[in-house]
Amino acid sequence: MAPARSSAKAPLWRGVFLWAGVLLLACSECRSEVRVSVPVVIEALLGQDVSMLCSHTGSDGDGSVLVEWFIVNGQNRTQQRIAYDERGKQGVDVGTEYKDRVSMDAEHSLVIRAAEVGDEREFLCQVTTSSGTDVGVTQLKVFDSPEPPEVQKNTATLSVTEEFASEIATCTSKNAHPVPTISWYKDGRLLNPSTEHNKVLYVVSRTVKETSGLFSVSSTLYMHLKKEDKESAFRCKVNYSMPQGKSGSAETEPFQVTLHYYTENVQFSLASPELIKEGDDVEFHCQADGSPPPEYFFFRVQTSEKGEVQRDMGSNPDGVLRLRRVTKADSGTYRCQVLDFDSPPEVDLEKEADIFVHYLDPVVVTPGKMAVANVSGNVELTCSGSGSRTPELSWKKGEEEVGKGATLTLDSLTYQMAGTYSCKAAISSIPGLVKEQTVQVVVEGKPEMEQHQSVTHYQTIGQVVELTCSVLGHPEPEIRWSVTGEELSANTLSVEVTPELVQSGVSCWAQNKHGSDKQTFQFEKVSPTQPSSPGPAVDGEEGQGGSTVAVIAVCVCVLLLLLIVGFFYFMQRRGQLPCGSGEKRSLTPKEGNPDDTVVEMKTDRRNEQTGLLSHGGGGGGGGGTNEC
């Protein structure tokens with residue numbers, strides 16, 4: 001191979017010298033004293049500046065050294081000089097693709113700015129001296145990592161019954177150098193697909209060289225799928241080379257494909273608690289392992305004289321059958337039927353489930369809704385209940401339990417024993433299963449006054465007082481009053497106190513079909529300063545409590561008064577209070593006008609028993625008031 005000339009006008013002796021150097025190189029027995037050293041391979045990233053070192057050894061004689069850099073073009077391997085250094089004078093050859101991108105430094109290294117994909121080629125460094133010529137060859141390799149891989153999965157529903165392998169996905173990685181490779185994984189395990197078409201597993205790959213010189217690759221995976229692959233996760237990974245023997249990789253996110261496979265198993269079960277009672281909501285769940293999910297049909301299975309009868313309960317794509325507020329009539333067998341035409345005949349697509357609804361029959365109370373008895377008489381109430389289990393029976397009046405068992409006997413009836421009684425039937429082993437029935441007990445008898453005689457206090461003649469007649473009885477008694485020979489009909493009476501009324505008093509009569517009773521009101525005068533006689537306390541504890549509070553209040557007042565007197569005495573002893581004949585103020589309270597004082601006395605006695613008819617009884621009077 002003839003060395004390249006540095007200039008067309010080189011001296012003749014230089015040409016002869018160069019040709020002699022070539023002849024010496026061609027001769028296996030002759031060796032030049034010049035030795036050129038360059039790296040065998042130089043690696044660079046795309047866009048990176050590259051420096052190619054070229055060094056030589058040997059005598060340079062008269063000091064004339066020529067260093068030249070060449071590129072090798074095409075398959076015919078033609079050489080083209082791109083830069084030179086002749087006796088320290090550096091230059092770049094015009095008319096080459098590198099005229100604006102290369103230079104040489106003082107050490108004869110070739111510097112390429114912003115390496116491109118096209119720079120991946122062989123470069124020759126030729127050194128010529130008076131002692132001979134030698135050439136060094138280096139290979140430049142350019143690397144660039146690809147864009148992140150992208151996967152486009154097959155969105156169709158893939159059937160496991162297909163005879164051939166189905167297309168899974170296509171993975172693409174663009175703009176890399178050198179050509180990257182794509183590998184496939186399933187559930188984290190590397191697949192080893194063939195590049196030849198077959199029925200089980202293979203890939204179809206494609207490589208495209210872009211106008212930039214970079215490479216884009218794609219790989220399409222084909223695989224024969226099974227039912228076990230319904231949860232499998234696929235991903236692809238691109239692997240690429242980098243300088244210094246390093247490698248890089250990038251992978252896609254895992255993805256799944258949609259499979260179509262026939263139903264092999266059907267499960268039908270009760271999702272609600274096994275202990276079901278009337279009023280509960282019940283759910284059945286039917287689940288088939290086919291994909292896509294098949295249609296579910298539900299039936300109520302009953303037997304008749306003609307055999308088995310199916311009552312359509314509707315269909316549901318979710319496989320859920322809901323029964324709202326079940327009763328004992330809902331006990332029985334239910335069936336789920338799966339519609340999947342791809343399933344083979346040996347697969348059972350029907351399943352059954354049974355439920356039993358615990359119940360309580362309505363409670364029956366005897367006598368019916370009302371029991372009527374006379375005062376001091378007896379009444380017997382009976383209750384019966386039945387259900388899926390024997391219930392426990394109990395009796396209540398209001399919130400108070402008054403008996404257990406089927407029979408409640410009320411002896412020696414009083415008006416207070418009248419009211420509403422309820423019989424409760426409950427099954428303790430099934431919480432919430434309770435039923436009740438009520439009966440009204442009515443106690444009849446002649447009227448009974450709560451007080452047959454009472455005293456009403458007044459302060460002055462002409463004072464108006466209010467009288468109330470309290471009575472128990474059933475049917476409702478009629479109330480009548482006798483005032484100085486005049487009869488009035490009312491529950492409550494307001495009268496003006498007169499001497500005649502004080503003398504005769506006032507009478508109250510109560511009467512019904514069973515008899516009558518009477519109450520007499522007497523009047524007693526009290527002074528304005530004398531408190532009226534307090535009414536009876538509700539019970540002994542309340543009376544005792546009131547007395548205690550009064551005593552404490554009196555003690556506190558006395559202590560406060562002593563403190564005030566002591567303060568004034570102390571101030572006077574120190575001479576800080578004037579002592580003289582100032583205005584005196586009486587501490588004696590003024591007497592009030594008795595006519596302006598109204599004292600009201602009422603008896604507030606509530607009767608909670610239904611069926612008792614009562615009219616309040618009591619009196620009113622007057623009492624003095626004091627100013628403090």
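Residues take their numbers from the sequence shown, with the count starting at 1.
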Query - Greater than 12 external heavy atoms within 6.0 Å of Phe297's CZ - result: yes

- prompt: Without hydrogens or angle criteria, can the side chains of His452 and Asp517 be said to hold a donor-acceptor pair below 3.5 Å?
  reply: yes

- Message: Main chain of Gln440, side chain of Lys369: is a donor-acceptor contact present, judged purely on distance under 3.5 Å?
- Response: no

Salt bridge check: are Arg335 and Glu308 linked by an N-O gap of less than 4.0 Å? yes

### Message
Would you say Gln267 and Gln287 are linked by a side-chain donor-acceptor pair, where the criterion is simply a distance under 3.5 Å?
### Response
no

**Prompt:** Would you find a donor on one side and an acceptor on the other, under 3.5 Å apart, between the side chain of Ser331 and the backbone of Val357?
**Reply:** yes

Electrostatic pair Lys396:Glu401 at N-O distance under 4.0 angstrom | no

**Asked** Do side-chain atoms of Ser343 reach the backbone of Thr263 as a donor and acceptor pair under 3.5 angstrom?
**Response** yes

I'd like to check Val495 versus Val465 (side-chain heavy atoms, cut-off strictly below 4.5 Å). Are they in contact? yes

Here the pair of heavy atoms bringing Asp289 nearest to Tyr261 is O-CE1, 2.7 Å

Closest non-hydrogen contact found for Cys286 with Phe268 is CB-CD1, 3.7 Å

Residues Trp509 and Lys518: closest non-hydrogen pair is NE1-CD, 3.6 Å

For this session: Answer yes if the side chains of Thr484 and Glu500 hold a donor-acceptor pair under 3.5 Å, and no otherwise.
Result: no

- prompt: Is a salt bridge present between Glu228 and Lys230, judged by a nitrogen-to-oxygen distance below 4.0 Å?
  reply: no

Under 6.0 Å from the NZ atom of Lys277, do we count more than 12 heavy atoms belonging to anything else shown? yes

Nearest heavy-atom contact between Gly368 and Val439 is O-CG2, 3.2 Å

(Q) Treating Asn512 as the side-chain partner and Gly515 as the backbone partner, does any N or O pair qualify as donor plus acceptor under 3.5 Å? (A) yes

message: We want to know whether Asp342 and His260 form a side-chain donor-acceptor pair, criterion being a heavy-atom distance below 3.5 angstrom.
response: yes

Heavy atoms from other residues, nucleotides or ligands near CD of Glu486 exceed 12 (cutoff 6.0 Å): no

Report task. Indicate yes or no: does Lys424 engage Glu436 in a salt bridge with an N to O separation below 4.0 Å. Result -> no

Closest non-hydrogen contact found for Met313 with Arg300 is CG-N, 3.6 Å

What donor-acceptor contacts under 3.5 angstrom involve side-chain atoms of residues 377-386, with partners at least two apart or in another chain?
residue: Asn378; atom: OD1; partner: Ser412; partner atom: N; Å: 3.0
residue: Thr382; atom: OG1; partner: Thr366; partner atom: O; Å: 3.3
residue: Ser386; atom: OG; partner: Asp361; partner atom: OD2; Å: 2.7

Check: Does the side chain of Phe356 reach to within under 4.5 Å of the side chain of Ser388, using non-hydrogen atoms?
Finding: yes

Shortest non-hydrogen pair, Trp481 vs Cys469, comes out as CZ2-CB, 3.7 Å

Does atom CD of Glu399 have more than 12 heavy-atom neighbours, drawn from other residues, nucleotides or ligands, at distances under 6.0 Å?
no

Do other residues, nucleotides or ligands put more than 12 heavy atoms under 6.0 Å from the NZ atom of Lys226?
no

Task: Proximity of Phe298 and Tyr334 rings by center, below 6.0 Å - done: no

